[in-house]
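One structure is given here, and the rest of the page talks about it.
Counting starts at 1 for both ligands and their atoms, in listed order. Positions are given from 1, in the same order as the sequence printed here.
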Amino acid sequence: MTRTLTVGVLALQGDVREHVAALEAVGARGIPVRRTTELETVDGLVLPGGESTTIDKLLHVFGLAEPLRARIKEGLPVYGSCAGMILLADRITSGTADQRTLGGMDVVVQRNAFGRQVDSFETDLEMAGVPGEPVRTAFIRAPWIEEAGAEVEVLARIPATDTSGRAVAAAGKIVAARQGPLLATAFHPEITGDARVHGLFARIIEDSRRS
Ligand SMILES: NC(=O)CC[C@H](N)C(=O)O
């Protein structure tokens, strides 16, 4: 048997406990990460949702931005959800002019793409890498991926119609993607009680340890 994976959850803002619980549900050890010493111990890292400009500021306050950027360059597997997806993007639109990201994924992400807080919604999505039932997902002031480079594998798009058969304006927009050890979803899987996206991330970590 392979040893238990230690997966960090960046604990500056967002659903830290829920991500830790989802990681434990798939057999990994989940630990909150606030310091560089903690970052050094993890096999992979989850960047939870929240507010990407706030998380970016806190990453700098806690001295984590540069060490994390360096580990991403070295191949650390990272899963970014919602604001975490924004942080992983090489480029963003509709941010403040000077909004920085950690980068790593060759994508252009549009922030708050679905509209305002009141336009938040839940839906069922087919997602590559997550076989079986569609994934129940929550979109909360979510971004989407506007453009994806050649190395990026698209894992999910917004379907043409919603669960009641009505046409969806955002049909076809990319909301889950992978580039090597980096995984990003525009939605929050940790609040709908489905740990399969975390299961996919655990497999991505296992694969990166073998290669
Ligand atoms: N739920 C979320 O993470 C929302 C992301 C947020 N709207 C941002 O732009 O950073």
Thinking salt bridges, do R136 and D194 make one under a 4.0 Å N-O criterion? no

Lys/Arg-Asp/Glu bridge criterion (N-O < 4.0 Å) met for E206, R203: no

So do T41 and I31 actually touch side chain to side chain, heavy atoms under 4.5 Å? yes

Could you tell me whether the side chains of T93 and E146 share a donor-acceptor contact shorter than 3.5 Å? no

From the options L200, I204, V197, select the one residue that forms a side chain to side chain contact (heavy atoms under 4.5 Å, CB included) with Y79. V197

Enumerate the residue pairs fulfilling side-chain hydrogen bond (donor to acceptor under 3.5 Å, both in side chains) with a member in residues 30-40, sequence neighbours excluded, ordered by first and then second residue. none

Taking non-hydrogen atoms within less than 4.0 Å of ligand 1, which protein residues qualify? G49, G50, E51, S52, C82, A83, I86, R111, N112, I140, R141, H188

